[in-house]
Amino acid sequence: LFGHAIRRMGADGALTTLAGNGTQGLVDGVGKAARFGGPWGLRWGANGRLYVFDDTSGSLRMIDKDGQVTTWLRLKSGKSVTSEIGSIQDFDVDRDGNVVMLHKNRVTLLSPDGTSQLLTPNPVAGTVDGPLATAQFEYLNGVAFAPGGGVLVVGSAVRLIQNGQVVTLKPKLVGEAKALGSIAGI
């Protein structure tokens with residue numbers, strides 16, 4: 001991520017541009033024909049696709065193995081539940097192309113067909129486990145798909161969302177959450 005382009009550094013230190021040309025914008029295309037506004041947060045997904053959140057345009061973009069950049073989801077477009085998402089704080093992509101996003105202290109799961117599910121519907125802050133409808137979260141700063149299924153959420157505690165339930169795996173992380181998230185790859 002550098003200069004409105006996505007670049008890869010080889011083992012020899014040489015930089016190769018995967019997509020974008022340094023000019024700011026929101027343009028889908030192949031390689032240098034594509035444009036990015038404010039790219040950050042890269043995640044590898046299904047079939048060798050690279051997902052990029054483009055903060056300036058509020059878009060989640062995909063780069064396929066041939067360098068084709070496609071806007072997969074426009075979060076600031078005013079359509080469906082995504083109009084309430086705004087800017088993403090963190091995201092992850094699983095091998096099936098599902099995306100979990102952290103935004104405004106909320107976690108949303110998006111499927112490849114564009115359907116979404118709010119995994120943290122309760123607006124009350126806290127650390128209450130139980131069914132999704134009543135579970136409480138606070139100080140969220142990281143999300144990731146769990147290796148055994150479900151979604152890991154890092155905030156004031158490390159929590160697992162799985163099968164409609166929330167369980168605390170490690171409580172009381174205030175002050176430690178950011179470091180733990182970095183260690184866990186979240």
Side-chain angles (χ1 to χ4, degrees), residues 1-104 106-119 140-154 161-162 181-182 184-186:
L1 301 173
F2 177 76
H4 307 293
I6 310 303
R7 295 190 170 101
R8 174 178 50 204
M9 181 180 287
D12 62 355
L15 286 177
T16 303
T17 299
L18 299 175
N21 60 19
T23 303
Q24 185 174 5
L26 176 63
V27 177
D28 290 346
V30 177
K32 292 183 179 181
R35 291 187 182 177
F36 294 88
W40 72 264
L42 301 172
R43 303 292 187 275
W44 287 105
N47 301 321
R49 292 183 182 133
L50 182 61
Y51 289 77
V52 180
F53 181 68
D54 197 339
D55 193 48
T56 303
S57 64
S59 299
L60 190 59
R61 320 273 303 274
M62 285 188 308
I63 305 171
D64 71 15
K65 60 185 177 181
D66 298 320
Q68 174 66 49
V69 176
T70 305
T71 301
W72 186 67
L73 180 66
R74 210 73 212 266
L75 303 176
K76 295 180 181 176
S77 66
K79 56 183 178 178
S80 72
V81 71
T82 59
S83 64
E84 297 177 12
I85 290 175
S87 186
I88 294 176
Q89 294 163 262
D90 193 19
F91 73 100
D92 194 18
V93 182
D94 73 6
R95 61 188 155 109
D96 297 322
N98 296 298
V99 175
V100 62
M101 298 183 301
L102 171 60
H103 56 93
K104 296 182 182 177
R106 294 277 184 256
V107 178
T108 298
L109 178 66
L110 296 164
S111 66
D113 67 5
T115 58
S116 61
Q117 177 188 5
L118 185 61
L119 297 180
L140 300 182
N141 63 21
V143 294
F145 283 101
V151 174
L152 291 169
V153 180
V154 175
I161 301 172
Q162 190 172 34
S182 297
I186 298 175

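The residues of the chain are indexed from 1 along the displayed sequence.
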| field | salt bridge (charged side-chain N to carboxylate O under 4.0 Å, His left out) contacts touching residues 24-37 (sequence neighbours left out) | value | Asp28-Arg61
| field | Closest approach of Ser116 to Thr108 (non-hydrogen atoms, all atoms of both residues) | value | CB-CG2, 4.0 Å
| query | Where the side chain of Asp55 meets the backbone of Gly38, is there a donor-acceptor pair that is under 3.5 Å apart? | reply | no
| Worked check of side-chain contact (heavy atoms from CB on, under 4.5 Å) between Trp44 and Leu50 | CA-CA 5 Å; Trp44 287 105; Leu50 182 61; 3.8 Å; yes
| query | Could you state the interatomic distance from CG (Leu140) to CG (Asp90), rounded to the nearest 0.5 Å? | reply | 10.5 Å
| request: Identify the two heavy atoms, one from Thr17 and one from Ala5, that lie closest to each other, and give their separation to 0.1 Å. | output: CG2-CB, 4.4 Å
| query | How many angstroms lie between CG in Leu26 and CZ in Phe36, if you round to the nearest 0.5 Å? | reply | 9.5 Å
| message | Please check: side-chain N/O of Arg43 versus main-chain N/O of Phe91, any donor-acceptor pairing under 3.5 Å? | response | yes
| Short side-chain to backbone donor-acceptor contact, Asp96 and Asn98, under 3.5 Å | no
| Contact summary for Ala144 and Asp92, nearest pair of heavy atoms | CA-OD2, 3.3 Å
| Is there a donor-acceptor pair closer than 3.5 Å between any side-chain N or O of Asp64 and the backbone N or O of Arg49? | no
| field | Steps toward side-chain contact (heavy atoms from CB on, under 4.5 Å) verdict (Leu152, Phe145) | value | CA-CA 6 Å; Leu152 291 169; Phe145 283 101; over 6 Å; no
| query | Atom CE in Met101, atom CG in Leu110: separation rounded to 0.5 Å? | reply | 4.0 Å
| Hey, what do you get for OH (Tyr51) to CD1 (Ile63), rounding to the nearest 0.5 Å? | 11.5 Å
| query | Which pair of heavy atoms, one from Val27 and one from Ala33, lies closest together, and at what distance? | reply | CG1-O, 3.8 Å
| message | Test side-chain contact (heavy atoms from CB on, under 4.5 Å) on Asp66 and Val30; report intermediate values, then the result. | response | CA-CA 8 Å; Asp66 298 320; Val30 177; over 6 Å; no
| By side chain to side chain donor-acceptor pair (under 3.5 Å), which residues pair with Thr115, not counting sequence neighbours? | Ser111, Asp113
| Nearest heavy atoms of Ala34 and Val69, plus distance in Å | CB-CG2, 3.6 Å
| said: Rounded to the nearest 0.5 Å, what separates atom CG in Leu15 from atom CZ in Arg7? | reply: 7.0 Å
